[in-house]
There are 2 protein chains.
Amino acid sequence: MTALALPATTPLTQVHPQLRLVQDDFIRKWGEMGQIWGINRTMAEIHALLYISGTPLCMDDVMERLHISRGNSSMSLRSLCEWGIIRRSHRRGERREYFESLSDVWEMFSIIAAERKRREMDPVLETIKNCIKQLDKETIGKLAGDEAVKRTRERLDGMEEFMSVTNKVFQQFVGNAKSGLNKVVKVLLKAL
Amino acid sequence: MTALALPATTPLTQVHPQLRLVQDDFIRKWGEMGQIWGINRTMAEIHALLYISGTPLCMDDVMERLHISRGNSSMSLRSLCEWGIIRRSHRRGERREYFESLSDVWEMFSIIAAERKRREMDPVLETIKNCIKQLDKETIGKLAGDEAVKRTRERLDGMEEFMSVTNKVFQQFVGNAKSGLNKVVKVLLKAL
DNA sequence: CTATACTTTCAGAAGTTACTGAAAGAAAGA
DNA sequence: TCTTTCTTTCAGTAACTTCTGAAAGTATAG
């Protein structure tokens, strides 16, 4: 029969109550904001907890601290790993897995922005380009001179220009970590 | 007994089938993208329809074209008006109301960005500043030198820097229409 | 092989958001 | 005034998302 069972949670979780209050505040707000980035509340809270703790935590730490189920923790942690904004981390001689957040906020933002651009903006731009192509085909035919077609064409052009530029700006942010982004931002702010 | 009833929909809705197909494509995709801007699918589709049509449409036009209920149309149109990205427009001698989209995409983006910044980013930045203040109070007291407090403080600082800069960049985009934004963007792209 | 320690999966429950359609409201004209 | 035309509201419902917890799965140690 076995020796002393390990405590389910890391000692690191047991922070001073005052510190905990401050952290909870941050976690709550960050969770609300998660939706901006297209991440659900729980996932955002888990991420906030790992980020603010600044040290690896295990699944039981997360469950206990945020009062969420094992299943939810497991899914959300996996999904955050897939996003690439947290990482698994292992301790020698220990069986269980730990998770920690990237520490560079700029890098995290880059990763999220890149993914959202790819999934959400690129397809729209493609659709718009396609619409323009389609419309041009019609214009050569019997719809030439049609007022409504003209108006639609103008609107599509306006939208395409907008999306293209936005896409390029995003592109610049993506793949640069802190130093690069800071440069970009400084240039931008100085120019205004 | 009344004279000839007006047709429920504007003649303008009756676009050529080919044009309609192209417009539908755009509307569908724009609806999907709405979620990026924090606008729900139907609202985004209504907006897309008004934008792509380039001409004022009435509620029945919208209902018929998108197959949505009167209630939903009414709520969504109101909400789009509140956002400021579509406007009511009236025709002399006609009772019913028409709606049209802003035509300048850059202006629409500005409006949306301003609102989201105000509602979603500003409160987070405030919370973070508050957390830092709280933490500093504790640090003076009995938690001075606590490792966990130090780590948390570092993380909060990193996040604050990020949010502040992001906020400033947003600020620049807000309140500028096409010309202003284009200048900003050109400067940015050239600098890279 | 069996026991233990831990993780993942997934069906269903709970919670949330979006939509409908009928009824009430408002404005204009007769 | 009453009728007509159009808009808004809102209770109920449908569709979707998130969460739970128990069961199955996996890896390691004895």
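Letters A, B, ... mirror the listed sequences (proteins, then strands); counts begin at 1.
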Tell me the interatomic distance from [X], atom [atom1], to [N], atom [atom2], rounded to whole angstroms.
{"X": "A:Ile39", "N": "D:dT18", "atom1": "CD1", "atom2": "C1'", "answer": "15 Å"}
{"X": "B:Glu97", "N": "D:dC6", "atom1": "CD", "atom2": "C1'", "answer": "9 Å"}
{"X": "A:Ile68", "N": "C:dG15", "atom1": "CD1", "atom2": "C1'", "answer": "16 Å"}
{"X": "B:Glu94", "N": "D:dC6", "atom1": "CD", "atom2": "P", "answer": "8 Å"}
{"X": "B:Asp60", "N": "D:dC6", "atom1": "CG", "atom2": "P", "answer": "8 Å"}
{"X": "A:Glu82", "N": "C:dT8", "atom1": "CD", "atom2": "P", "answer": "11 Å"}
{"X": "A:Arg70", "N": "D:dA24", "atom1": "CZ", "atom2": "P", "answer": "17 Å"}
{"X": "B:Met63", "N": "C:dA22", "atom1": "CE", "atom2": "C1'", "answer": "13 Å"}

In terms of side-chain heavy atoms of B:Thr42, which of D:dT7, C:dC19, C:dT7 is nearest? C:dC19
With distance as the sole criterion, is a donor-acceptor pair present between the side chains of A:Glu100 and A:Thr55 under 3.5 Å?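 Side-chain D/A pair, A:Glu100 to A:Thr55: absent.
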Between B:Arg88 and B:Arg95, which residue's closest nucleotide on DNA chain D lies nearer the 5′ terminus? B:Arg95
Give the residues of residues 46-53 of chain B touching DNA chain C, defined as any heavy atom closer than 4.0 Å, sorted by residue number.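 Contacting residues: none.
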If the test is side chain to side chain donor-acceptor pair (under 3.5 Å), which one of A:Asp146, A:Thr139, A:Asp136 qualifies with A:Arg153?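 Testing each of A:Asp146, A:Thr139, A:Asp136 against A:Arg153, the sole residue satisfying side chain to side chain donor-acceptor pair (under 3.5 Å) is A:Asp136.
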What residue among B:Arg116, B:Lys117, B:Arg118 forms side chain to side chain donor-acceptor pair (under 3.5 Å) with B:Glu120? B:Arg116
Using the six-membered ring wherever Trp is involved, compare the ring planes of B:Trp30 and B:Phe26 and label them parallel, tilted or perpendicular (cut-offs 30° and 60°). parallel
Geometric class of the B:Phe109/A:Phe162 ring pair [parallel <30°, tilted 30-60°, perpendicular >60°]: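 Rings of A:Phe162 and B:Phe109: tilted, 30 to 60°.
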Salt bridge (charged side-chain N to carboxylate O under 4.0 Å, His left out) between B:Lys150 and B:Glu154: does it pass, once the steps are laid out? CA-CA 6 Å; B:Lys150 254 193 222 165; B:Glu154 268 164 32; over 6 Å; no
B:Arg28 vs B:Glu32, salt bridge (charged side-chain N to carboxylate O under 4.0 Å, His left out): CA-CA, chis, key distance, verdict: CA-CA 6 Å; B:Arg28 200 173 307 115; B:Glu32 286 170 23; over 6 Å; no
With heavy atoms under 4.0 Å as the rule, sort B:Arg41 into base, sugar-phosphate or nothing. sugar-phosphate
Do B:Met63 and B:Met43 share a hydrophobic cluster, counting only Ile, Leu, Val, Met, Phe, Trp and Tyr and linking them when any side-chain heavy atoms are less than 4.5 Å apart?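 No, B:Met63 and B:Met43 fall in different hydrophobic clusters.
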A:Ile132 and side chain to side chain contact (heavy atoms under 4.5 Å, CB included): which single residue from A:Met159, A:Glu160, A:Lys137 fits?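 Exactly one option meets the side chain to side chain contact (heavy atoms under 4.5 Å, CB included) with A:Ile132, and it is A:Glu160.
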Which parts of residues 71-79 of chain A get close to DNA chain D, meaning a heavy atom less than 4.0 angstrom away? A:Gly71, A:Asn72
